[in-house]
Amino acid sequence: MRVTLYLPVLLCCVTVAGAFCPSQCTCVFHGRTDGTGSRSVLCNDPDMSDIPVNVPVDTVKLRVEKTAARKIPTEAFYYLVDLRYLWITYNSISSVDTGSFYNLKVLHELRLDGNLISVFPWESLKEMPSLRTLDLHNNRLTTVPSEAVPYLVNITYLDLSSNKLSTLPSDLMDIWPPFNKAPVSNSSQKIVLGLQDNPWFCDCKISKLIEMSKMADSPVVLMDLFLTCTAPDNLSGVLFQRAELENCVKPSVMTSATKITSPLGSNVLLRCDATGLPTPALSWVRPDGAAVDNTVEESPGDGVRWSIMSLTGIMNKDAGNYSCKAKNVAGDAEATIFVSVAGTLSTTLPPSGTRPPSLGTTFTAAAEPFSVTPTTLLLSTTDRPKTTTTAQKSSLKPAKIKQAGSGKRLAADEKGSKDPSKSVTDLQIVEEGMDSAVLLWTADGLSGDTPLTVVYSPYGEEDTKQTLETSVGSGKELLQGLLPGTRYSVCLVVKGSTSAKDPCVDFYTLDSADDSGLNQLFMIVSGIACALILPLIALLIYKILALYCKGPQIPIDEEELEKESYVKFETISMKHRTLNSHPTELWARRPTHDSERMLLCSRSSIDSQMTYKSDSSRSEYLC
């Protein structure tokens with residue numbers, strides 16, 4: 001019984017709360033004869049600083065205009081389940097939260113024009129499945145991301161005019177006819193776009209938009225047909241209807257090889273080439289999914305780019321598929337190179353009862369087409385670390401161990417039988433570069449064809465060792481692929497050498513920008529400039545002093561002046577046809593007096609003229 005009594009009271013409270021109108025707002029109820037109706041709310045008080053959140057729940061149209069509101073809070077309209085029109089125009093809104101329009105399932109029209117919005121939460125449009133009108137006119141939008149395209153499929157009125165847009169996603173036009181391949185009929189609903197008053201950069205990204213602006217009968221209608229390009233300079237001020245642009249082209253990738261097999265410890269270069277418009281960006285991905293940083297790229301022309309990545313001293317863990325990915329605004333593409341390593345890696349364990357100076361690894365050649373010289377790389381723990389190498393016989397079996405009393409020792413450790421006269425000496429670096437160095441040595445008591453292994457790595461980095469195979473007699477080796485400004489250690493390992501210690505040397509590569517070379521170049525250029533400029537300055541000073549010290553000019557003789565003021569020439573006149581024996585000669589020379597041959601040339605030769613005269617007429621000369 002009590003529940004029955006409380007129910008009318010509860011309904012009454014809900015009705016009063018639903019009809020409550022916020023302060024600084026005006027609420028109008030539009031009733032119908034059938035007892036139903038709709039409510040509209042207008043909030044336009046200039047002193048209002050926040051979006052009202054206590055709007056009646058039966059509101060169908062909400063307008064917040066010309067207020068000082070700066071932000072639309074999260075779920076500000078959550079309870080307005082019947083809201084169909086939301087106008088928040090000409091305020092100071094600069095921040096719109098992703099959840100600001102949550103639960104607006106029947107909203108049909110959203111207008112946010114005349115605000116300060118620079119970033120719009122496009123993903124919030126998925127909360128408004130019935131939205132058809134989106135007005136963002138007169139804001140500060142600089143871009144429309146590609147992620148926003150799926151949320152604009154159902155929009156039939158989109159106004160992005162008077163913003164700071166320079167481009168649009170190339171796939172935005174694909175959601176509208178004729179680019180979406182949907183059939184077009186006369187009864188199809190028109191789509192209205194407002195794109196004017198934006199600084200458009202006319203390139204292939206908006207080529208479809210420019211093509212659409214040239215269509216006569218298109219379902220997409222532009223508010224302003226006279227859209228113009230702002231950039232680049234060669235198209236600045238050109239109308240869209242007169243601009244000719246190339247379409248964007250999806251990238252295509254081609255690799256130098258699809259499969260590469262390389263020996264253990266060698267260096268491998270992988271290359272891929274890509275074409276597309278605009279020029280695609282390239283990136284490499286390792287088999288484990290990690291990105292590759294040590295790449296070299298170049299674009300020899302528009303729409304073409306190639307990239308090279310390097311694998312230095314490859315190990316078994318480096319085997320796998322390396323992906324080269326190309327991407328531009330039109331799409332992406334990918335090509336794969338499979339790298340396999342020939343060789344196995346085993347760990348050399350120290351014999352019991354002895355303590356090795358450090359841990360080492362032994363490269364043992366496997367039964368593959370490629371052969372690798374097995375070497376043991378040991379890193380000593382002294383104040384100045386050096387990389388030493390001990391040569392062993394190439395065999396699939398481990399080295400034999402000799403018994404000596406109660407202890408064990410390796411046969412390679414028998415130092416008593418070593419002959420120091422057979423070794424490599426005078427190891428030195430004669431030339432360092434940014435990525436290379438020249439190594440020289442001499443051999444004592446060894447034949448020229450004795451195999452020699454050059455082992456080098458950055459100082460103190462044991463896991464990045466590299467090897468080169470050569471012979472003792474070469475006496476010289478070029479080390480390539482080095483890092484600029486890095487300290488390196490290099491050692492020589494000779495097969496059959498009885499030296500107690502392998503020779504090693506440390507060196508530094510040059511920096512990428514060598515200051516000494518630049519200083520020398522600057523000094524040379526400065527010297528040449530001084531050698532050329534100083535004589536000119538001395539000559540100029542001499543001329544100034546000569547003019548300053550020169551006395552008054554001697555008056556020129558009037559007679560000489562008169563001679564120099566006149567030039568002599570012969571007058572020409574027409575012959576009388578009766579006296580001329582040669583009819584083709586219309587002109588003839590005649591003797592003139594000296595006074596007649598004198599002409600004062602005080603005027604420009606451009607003004608000089610000769611009037612027609614006969615033998616009986618007076619000579620006239622006009623300067």
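Here, residue 1 is the first one in the sequence, and each next residue gets the next number. The structure displayed is predicted, hence computed values, not measured ones.
- Between the side chain of Arg305 and the backbone N or O of Pro280, at least one donor-acceptor pair lies under 3.5 Å.
- Between Met315 and Val341, every side-chain heavy-atom pair lies at or beyond the 4.5 Å cut-off.
- Under the 3.5 Å distance criterion, the side-chain polar atoms of Ser436 are left unmatched by any main-chain donor or acceptor of Gly433.
- Between the Asn163 side chain and the Leu165 main chain, no donor and acceptor come within less than 3.5 Å of each other.
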Donor-acceptor pairs under 3.5 angstrom involving side-chain atoms of residues 87-95: please list them, not counting sequence neighbours.
residue : atom : partner : partner atom : Å
Trp87   : NE1  : Glu109  : OE2          : 2.7
Asn91   : OD1  : Lys66   : N            : 3.3
Asn91   : OD1  : Thr67   : N            : 2.8
Asn91   : OD1  : Thr67   : OG1          : 2.6
Asn91   : ND2  : Val64   : O            : 2.9
Asn91   : ND2  : Thr89   : O            : 3.0

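- Under the 4.0 Å criterion applied to side-chain N and carboxylate O atoms, Asp82 and Arg84 are not assigned as salt-bridge partners.
- In terms of modelled atom types and a separation under 3.5 Å, the side chain of Asp113 and the main chain of His137 share no donor-acceptor contact.
- Taking the six-membered ring where tryptophan is involved, the planes of His108 and Tyr85 are perpendicular, since the angle between them exceeds 60° and thus also 30°.
- Judged purely by atom type and a 3.5 angstrom limit, Ser299 uses its side chain to pair as donor or acceptor with the backbone of Gly301.
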Please tabulate, for side-chain N and O atoms in residues 166-176, each donor-acceptor pair with protein atoms closer than 3.5 Å (sequence neighbours left out).
residue : atom : partner : partner atom : Å
Ser170  : OG   : Val329  : O            : 2.8
Asp174  : OD1  : Lys208  : NZ           : 2.6
Asp174  : OD2  : Lys208  : NZ           : 3.4

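- For Lys327 and Asp332, the salt-bridge test fails: no basic side-chain N is under 4.0 Å from an acidic carboxylate O.
- The closest donor-acceptor contact from the side chain of Asn139 to the backbone of Leu141 lies at 3.5 Å or more, if one exists at all.
- Trp200 contributes a side-chain N or O that, together with a main-chain N or O of Leu195, makes up a donor-acceptor pair within less than 3.5 Å.
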Validation: residues 222-237 side-chain donor-acceptor distances under 3.5 Å, sequence neighbours left out:
residue : atom : partner : partner atom : Å
Asp224  : OD1  : Phe226  : N            : 3.0
Ser236  : OG   : Thr230  : O            : 3.4

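- Checked by atom type and distance alone, the side chain of Tyr79 never pairs as donor or acceptor with a backbone atom of Val53 at under 3.5 Å.
- Put simply, the side chain of Phe240 reaches to within 4.5 Å of the side chain of Leu209, judged on heavy atoms.
- A heavy-atom distance below 4.5 Å is found between the side chains of Cys25 and Met48.
- Within the 4.5 Å cutoff, the side chain of Leu482 has heavy atoms near those of the Phe507 side chain.
- Results of the side chain to side chain contact (heavy atoms under 4.5 Å, CB included) test with Leu131 over Thr156, Leu86, Ile155 single out Ile155 as the only residue that passes.
- A distance-only check finds no donor-acceptor pair linking the side chain of Asp97 to the backbone of Ala76 [under 3.5 Å].
- Ser100 contributes a side-chain N or O that, together with a main-chain N or O of Ile72, makes up a donor-acceptor pair within less than 3.5 Å.
- Side chain to side chain, His30 and Ser38 fail the donor-acceptor criterion of an N or O pair below 3.5 Å.
- Counting heavy atoms from C-beta outward, Val149 and Trp122 have side chains that stay 4.5 Å or more apart.
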